[in-house]
Every structure is written in structure tokens, then in C-alpha cells.
There are 2 protein chains.
Amino acid sequence: MKRVPTHPTSVKRQRGGASKQESEAPGRTASSDVPARRAERAAERRAAILHAALDEFGARGFAAARLEDVAKRAGVAKGTIYLHFADKEALFQELIRSVLVPVMNRLTVEPPAEVPTRTLLEIFAATFMREVATTRRADVLRLIMAEGVRFPSLAEFHFRNVVEPGLAGLRRLIQRGIDRGEIRNPGLAEFPQLAVAPAMLAVVWQGLFGHLSPLDVEAMMRAHIDLIFGERSGA
Amino acid sequence: MKRVPTHPTSVKRQRGGASKQESEAPGRTASSDVPARRAERAAERRAAILHAALDEFGARGFAAARLEDVAKRAGVAKGTIYLHFADKEALFQELIRSVLVPVMNRLTVEPPAEVPTRTLLEIFAATFMREVATTRRADVLRLIMAEGVRFPSLAEFHFRNVVEPGLAGLRRLIQRGIDRGEIRNPGLAEFPQLAVAPAMLAVVWQGLFGHLSPLDVEAMMRAHIDLIFGERSGA
DNA sequence: TCATTGTGACTGACCAGTCAGTCACAATCA
DNA sequence: TGATTGTGACTGACTGGTCAGTCACAATGA
């Protein structure tokens, strides 16, 4: 970051092939009998580093995480990290990018058939729980809330690519509910944040207090949806 | 944090007098003509250090904040910090303690008169906005979400002294609303978290995205209270 | 005067980022 | 096909800078 290069190697090489962006670790083990092509191996290592980084950053936060630990966890030398990422911050950004954007695409499906809006919202909530709240992706969310202030570009990236589209989709859903007379309160369309707020709280709660006082997130989300649709008891 | 003390100084001296706990910066300047008594001066310095720590930790997070900057901001030498706090972590804990506990006491008033529950909730929300969301205390909240995972004792302290009593008070309020027929959804009493969730989201939002897309927190809270009381439009 | 309080230069651990060297594998040749 | 050479991915010891915490000394004031 602040290192002055001895040789003015102005242009950094930056491998990684055709900008792979998947997040799931590849199933193929390194000891496969079909020797993976170089590019494949590189992609595997890149994925392994991202995976390890998720663990380390998630557990320690950005500033306190040590790249040497990331390397060790990924089964790689420290220097290797720098073959794939420009620096610690770039690794962090790429982590956010690769972990959240794919889920957002999965969450922001088009509002399709003749299904009641309540069901759509329930699916939305269930998907969020299954894909985010109960996975290590929740750590990434907490990480953004935690470190976002210090990385404005990262906060903005997350806002443009996750928050804005997610909220827009939610607003469309809610508006649909209002139009069909399923939702009474028009304020919800103006502030779709009200609809996600409990999910965010759940992520934080489970991370901080889960072991002290576990929260029945599903029941809470059910109560929340009841609140939105003005019912007095769940199914 | 991970520093191994060279000398096994088992018991740290820990000056600082009668455990002052106020958080507001003292108005008195150091150049006051009435020379403050030693204990007073000590308390003032302690407060100044906490105040500076709030700024620095709030802006940079625990790991990245530098005690030298805290000292400079407090108008004090680095060593002086160690006259008042055992180490960086103790300073951080004391910061959380001194900033949030007093507010919690102010928020958790007894549910008094013949006032409608809605008004009480509105007061609760307004107080939270005035005393927390729009002050540097919001940084402390974000700080806890950020660093709490890495400081379990701190997370537990915050849970026992802020979250639990706060939620209990809120639950009592909601139960009152249900008993009086003002609130329809009984799930709210089971999950008072639903009532605070938007406030938490507002704190995070303003911190991360406030400059990209400011959130009209008051309007949102109004919409949220409408939702709770089943009204369709605010006053 | 002397006990208490404050100071800031200093120490030692720590860690992001570097780079000279290694070696697995691919390409080329006999 | 097997031997030789070339390539660049990978390694990890190292550097330079940073910062928490210390302590010998200075300032203060009872």
C-alpha cells in the first residue's frame, strides 16, 4: 500500500484469466488424474484464497485479519495472494463482489404469476434466510456494515449493486401488494427498508448475541410478515 | 491485544478516582483561572480522552485507530492514556460503557400516565433519534456491530446492559398496547426486535449510504409506527 | 521539599508487501 | 518416444514502516 517499489514496475501484472467471478469452490480436487490446465488451477487457487479470506475477514475484520493467515488457510504462500489481487483492499473488495452479487441476482427475480403477494414475500424472506442469514455470507453483510464507513468506494459498490436493486425489487413487490389490496399501509412502498430491517437485525443479532440468546429468526419473520399484511396470527 | 507483556506486570495500576462515568465533554477549559482540584482535572482528562477516543474509534474502527491520535486529539501525551486506562481494549470497553448506558437509562422510563401507547412509542422513537441516531453515539452502535464479534465480553456487556433492558422495556410498552386493544399483532410482544429494527437500519444506513441517498428517518419511523398500529396514513 | 502526575522518545513485536530463486509443467527437438 | 530447454506460477525470507505499551525524566502543586 505504502511500499515504494525499488524498480518502478509501473504496470502490475494481474492474472486471473477471463475475469472469473464465481464464488462457489470448485469440486475438483487438485489431485485429479486429469491434470488441470494452468488456467483452471489458477482459478481454483483464486477461489481458495477468496474462500479463506471470507473466513479470516469474517472472524477478525478487515484491519485485524492477517494475509499470512489467509494464505495458510488457502494452502498457499503469502506471495501467491499478490499474484491474484493487487493488495489487501482489492482482495476485500473482490470478496464482497463475488459473495453478494450472485445472491442478489438470485433474489431479484421477476414478480411472476398469479401468486398472492404474501407468498412472494415469504419466498423472498425464506430465500434470504437460506442463502444469506444462515451462511457465511451473513459475515460479509456484517463486514460491510462494520467496515463500510472506512471504504466509501466499497460502500458505494454495495449500495449500487446490492442495496439499490434489492430495495427496488422489494418496492415493486410491495406496490403490487398495495395495488391488489393485499397491503394496507402505503408507507411501505415509500420505505421498503421497513421490510428488510428485521432481516438485517437478525444478521447482526445472530452474529453478536446468537450464543447468548438465540433468535428464532423464522418465527420473527413470520410475525413481521403478519404485521405487513395486517393479520393477527400466522398460518 | 496480542501484545505479550515483557514484564509480567500482573496488577496494573489504574488511577482515575471515583469512576466518573459522564460522557459529555466538560465545558471548562484547561486555562480556567480557578485551578481545578487534582481529582477534578483528572476526571476532565479522562473525559477528554474518552471523547477523543469516540471520534477516533468511530472514524477508524478499533484495530485501525491509533492511540497517539487519540492522545493528540485529547490534548494529552500518549502515556497519559495509560494513567487512566489499562490498555487499548479497556479504553474501548469504557467508551462503550460510558456512552450507551446513560442513554439507556433515559430511554427506559416507566410507562406512566393515561397516554395512548402510540404516543409513548412516538416519544421512544423521537428520543432515540435525538439522543442516538443523530449524535456520535450512533457511531458507537455501529462500532459494536462491527467489533462485537471479536470482543465477546463487550458484546455480552452491551447485551446485558443495553439490549436486554431496552427490549424488555419495549416489550412492556407493546404488551400495554395489546392489552388496551391499541395493537393488534401479538407477535410484536414476542419479538420487540421488530419494533427497533428500523432504527438500527437507520443508524447503519446513515453511516454507510447517508451521503449517497439520505434517508428521511423521521418519515420512515412514522410509517413504521403506522404499520404497528395498523393505520393507513400519518397525522 | 517531595509525592504525584504527565510526558514523549524509545523498544520490540508485528505485518503488508517484495523479489530473487525454485520447480512443475509445457514446448520443442532428436 | 524420451531428453532438453523454456516459462512463469509459486514460494517464503526479508524489508521498511507502524504502533501498543514502557519508563526515565520533567513538571506540578501540596
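All figures in this text were calculated on a predicted structure; none of them were measured in a lab.
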[N] [atom2] sits how many Å from [X] [atom1], rounded?
| X | N | atom1 | atom2 | value |
| --- | --- | --- | --- | --- |
| Ile81(A) | dC19(C) | CD1 | C1' | 16 Å |
| Phe85(A) | dG17(C) | CZ | P | 13 Å |
| Ile49(B) | dT7(C) | CD1 | C1' | 13 Å |
| Lys88(A) | dT18(D) | NZ | C1' | 13 Å |
| His84(B) | dG6(C) | NE2 | C1' | 9 Å |
| Leu83(B) | dT4(C) | CG | C1' | 10 Å |
| Arg66(B) | dG21(D) | CZ | C1' | 15 Å |

Which listed nucleotide (dT18(C), dT22(D), dT11(D)) is nearest to the side chain of Tyr82(B)?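 Of dT18(C), dT22(D), dT11(D), dT22(D) is nearest to the side chain of Tyr82(B).
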
5' priority, DNA chain D, between Arg45(A) and Glu68(B) [closest heavy atom]: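 Taking each residue's closest nucleotide, the earlier one in sequence belongs to Arg45(A).
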
DNA chain D: 5'-proximal contact among Leu67(B) and Ala77(A) (nearest heavy atom):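 So the residue in question is Ala77(A).
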
On a plain distance test, is the side chain of Lys78(A) in donor-acceptor contact with the base of dG17(C) below 3.5 Å?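 Checked by distance alone, the answer is yes.
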
State whether a side-chain donor-acceptor pair under 3.5 Å links Ser153(B) with Gln93(B). yes

Among Phe157(B), Phe85(B), Phe57(B), which one satisfies ring-ring contact (aromatic ring centres under 6.0 Å, His included) with Phe92(B)?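 It is Phe57(B); the other options fail the test.
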
Is it true that Arg142(A) and Asp139(A) have a side-chain N and a carboxylate O under 4.0 angstrom from each other? yes

Between the side chains of Glu56(A) and Arg66(A), is the shortest nitrogen-to-carboxylate-oxygen separation below 4.0 Å, so that they form an ion pair? no

For a quick check of understanding: with a heavy-atom distance under 4.0 Å over all strands, which category does Ala64(B) fall into, base, sugar-phosphate or nothing? nothing

Counting the atoms with a prime plus P, OP1 and OP2 as sugar-phosphate, which does Ala65(B) contact under 4.0 Å by heavy atoms, base, sugar-phosphate, or nothing? sugar-phosphate

